[in-house]
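Notes follow the structure.
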Amino acid sequence: MGEAGGPAPGDTVEPFFQSLVEMIPQMVWTKDANGVNDYCNRRFIEFMNVTMDEFVHNSWAVAHPDDVARGQEAWRLAVTSATAYEAEIRLRPKGSHTYRWFLVRAVPHRDEAGRIDKWFGTTTDIDAQRRALEAMNFLSESGAMLAGAEDVPEVLDRLARASLEGLADISIFDLENEDGTLRRLVTASPDISKAAVQVTEAFGPPRPGEPHPIARVMRDGHTIHIPHVDEAFILRSIAPEERQAAWRFVDIRSLVSAPMIVPGRVRGALTLLRTRAEAPFEPSEVRVIEEVARRAAGAIDNIRFHQREQRAASDLRAFADMGESISESVGLQETLDAAIHAIVPSRADWAFITLLDDRGDLRLAAVYHPEDAKRRVVAARIGEVYRRAESTVGIASEVIRTKSPVYRERIAYADAAKFVNLPVLDALWSAGVASFVVVPLFAGSAVRGTVHLCMQNDERAFVRPDVDFFQEFARRLAPAIANAEVFERERRVARSFQDAALPSRLPQVPGFAFHAIYEAGKAEALVGGDWYDAFTLGSGQIVVSIGDVAGSGLPAAVTMASVRQAIRGAAHVAADPSGMLDAADRALDDPERRFVTAFVGVIDPATSTIAYQNAGHPPPVLRMPDGTLRELLGGGAPLGLRGDEEHGAHAHALPAGSLLALYTDGLIESTHDVLEGERRLHAALLDSTLGNVENPAKMLHDLILVDGSRDDVAILTITIR
C-alpha cells in the first residue's frame, strides 16, 4: 500500500530476499525510502488478482472506499515520523464482490548512516478473527439491549440493527404472536436496496410444512446453516417459483436461521443473510447467532409474561370500574351507557350496543364516542333498526348465529351496506370504522344482542387478548342488562299503579293555585309509599294530605292506598285533621306494624287559614309575603305508633302572597345530610322567581335535587294570591 510511481517492479529487491519471500504463504511487499511501492510477492499477486505493475502504480485500488483515506493518513504519519505502520483495512481481490479484513503492517529498514532506505510490509488475512470479534461484540451487547427493552418490537429492532454491524446484510425475525399467527420484521444495512427489503417483507413467513429452511427451523427447533446458497439449493428447498425468484433477486449467498426457543415451544426464528459477501457464515458466528436467538426468545417471553400480568390487572380494574358504574345504574339505558363508558377510550376508540326486539330486529341501543360531534350523530339513531330480522347475512348475524366473536381489520362500506340499515350505517361510518370486534351479548343461553368495539383509524389495532376481554365484558354485562330490563318492566307497572293512586287533577279554587310533582326513587323499581292529595269538600273547604309509608314495594303501596282512602273517607264525614289521622291510624291493621308519616290540612278559602295535624312528618314550610319562612310545627307520633293519646289540631293563617310547600323526606335526604337538605329547601323557597313560575313544585325539585334522588319524592305547593 503506497504511492504510485517509482522504479520498475522488483528492481530494488535483493535476489536472496526475493527468493525467500516467494516461498512463504504470507503476502509480502516493499516500498522505497519515500514510501513508494516497488515490490510484492507472488502470494500477494495471486490473492489480490493484480499484476506487479498494478500493485506498484495503485495498490489502493483493491481497498474498500471507506478505508482508503484512513489507511493513507496512517501511512503518511508513519513515513513522517519514521515509525512502524499498522492498519486494519478491507481489501477485495480484483473482479470479486467480497471484501475481507486484513492487517497491514510495515517497518522501516535503515542503512549504516541510520537513514531509512526501505520499508518491509506484510498483509495478513484477519477476516475470520475480525468477524468473530464482531460476533462476540454483538453477543455481549445483546444482553444490555434485551435488558433495557420494554416491548417486543423494541427487542426485535435493537437486535436486528446490532446484527447488521459487520455480521449480516439482512436480518429477519419471524415471530409467533400470542394468538398463533406469525409476523415478520426485516431490517437491512443502509446500502441494501429498498427493493430487496420489500421483496423479503412481501413473502412473509413460510407456511408450516414447506421445505423452506425457516419453516424447518420453526418446526424442528434446530439451527440451519447454509454456508453457500446456490441454484441447486434454491430449486431444492424454496417454493413456489415466485419465492425462488425472490431469493435470486435478493442475491442470498449465505444464511443462518436459528430457532427462538422457550421451554417447550419454538416461538420464532432469527435469520441472518449475507447478500454481498462471498465469505460464508463461520461456525463461530453460527454459535453466536444461536445464543442471541435463545436470549431474544427468553426476553420476549418475559416481556409477554409481564404484559399478560399488566393486562390481567388492567382487565380487573376495568371490570371493577364497570361493576361499580353498573351497580349505580338501574335503568336499561343507564346500564348500557355506564358499561361502554367503562371501556372507551381505554380499550376502544368508540363502541355501540345493539339489542334484539320482540320481532327479531336488531336495534341500536347505546353508543359512546369521546368526540361530542360524532357521538351526537350516532346517538340520534338510537332505537332505530340496525339489522332486520329477515336478514341472515352480515357480521352481526354471524355473531348471533354462531354465538362467537368476530374480529375484522377493515370492512368496506359497500359490504356493510348489504346488512346494515343505511341511515344507521351512515351515522356509524361518520364516527370512523377501521378495525372492529363484535361479541355476542347473552341472556341466559340465548343471544340478546351484540357489542361492537371500534377503532376509527389504523393508528390503533385490536389484538387477540382484546377479543377475550370483550367476551368477558359482554358476559358480565348480560346479567346487568337482564336486571335492568326487569327493573324497567316493574317500574312501568309501578308507575302505572302510582299514577292511579295519585289524584288525576288538583283543585281549581279562586285565590289558590295547587301544583305537585311525584318522582319514583331510582333505587327501587317497585311502587313506593309516598303520596300527595288535594280535594275539595262540599263545604268549599280544601283537604290536603301528604305522607310516606315506611318501606317500598307492593305492601307499602297497599298501605299507602289504604291510608289515603281512609283520610278521604273521614274528611267527608268531618273536616277535622285529627279525626282524619285517627281514622287512618285505625286503618293500619298491619301484622308487620308498618308505620306511616303523614300531614293533613284543611284550608278554608273564606278565611284563608289552614287547620292541620302532623303525624311524624316533616313540617310544611310557609313562605310569607315578606320573604320570611315559617314551619307549621306541632303534631305527634307517626301513624301506627300514635297510641291512645288525644291529638289536637293546629291552625295558621295563609296571607295573600304566601306559598306553602308540603314534601316528603326524599326531598331533603338525597345528600344523606338532613341539615344540608333543609338548607337547600329554605334557599329554594327564598328564590324570588318561585311564585311566578308555572309549577313551583317542579322548581323546588330541580333546585334541591341537583344530584338526583334515590328515594321517592312528593311535593305539593299551594300559592295564595
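Computed from a predicted structure; not experimentally measured.
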Expected output: side-chain Ser658 to main-chain Pro655 donor-acceptor under 3.5 Å: yes

Exam field: side chain Asp576 to backbone Gly579, donor-acceptor pair closer than 3.5 Å: yes

I need the minimum non-hydrogen distance between [X] and [Y], along with the two atoms involved.
{"X": "Val543", "Y": "Ala571", "result": "CG2-CB, 4.0 Å"}
{"X": "Ile720", "Y": "Leu660", "result": "CD1-N, 4.5 Å"}
{"X": "Leu700", "Y": "Ile715", "result": "CD1-CG2, 4.3 Å"}

Student check: side-chain heavy atoms of Met699 and Thr689 closer than 4.5 Å: yes

Note, Thr450 side chain near Ile400 side chain (heavy atom, < 4.5 Å): yes

Leu362 vs Leu355, side-chain contact (heavy atoms from CB on, under 4.5 Å): CA-CA, chis, key distance, verdict: CA-CA 5 Å; Leu362 202 59; Leu355 295 178; 5.8 Å; no

CD/Glu390: more than 12 non-hydrogen atoms of other groups inside 6.0 Å: yes

Check: Trp531/Thr664 side-chain N/O donor and acceptor closer than 3.5 Å: no

Axial cation check for Tyr368 ring with Arg375, 6.0 Å and 45° limits: no

Ring-face cation contact, Phe442 with Arg475, 6.0 Å cut, 45° max: no

Pair Arg586 + Asp582, salt bridge at N-O below 4.0 Å: no

Salt-bridge present (Arg460, Asp349; N to O < 4.0 Å): yes

Stepwise side-chain contact (heavy atoms from CB on, under 4.5 Å) check, Tyr663 with Ile704: CA-CA 12 Å; Tyr663 60 93; Ile704 298 168; over 6 Å; no

Partner residues of Gln456 under the side-chain hydrogen bond (donor to acceptor under 3.5 Å, both in side chains) criterion, sequence neighbours left out: His369, Glu371, Lys374

Residue pair Gln333, Ile382: steps toward the side-chain contact (heavy atoms from CB on, under 4.5 Å) verdict: CA-CA 10 Å; Gln333 193 64 54; Ile382 288 178; 4.3 Å; yes

Interatomic distance, His701 atom NE2 to Asn695 atom CG [nearest 0.5 angstrom]: 11.0 Å

side-chain contact (heavy atoms from CB on, under 4.5 Å) between Leu632 and Phe599, worked out: CA-CA 10 Å; Leu632 302 190; Phe599 173 91; 4.3 Å; yes

Pairs flagged by side-chain hydrogen bond (donor to acceptor under 3.5 Å, both in side chains) wherever residues 424-437 is involved - sequence neighbours left out: Tyr413-Asp426

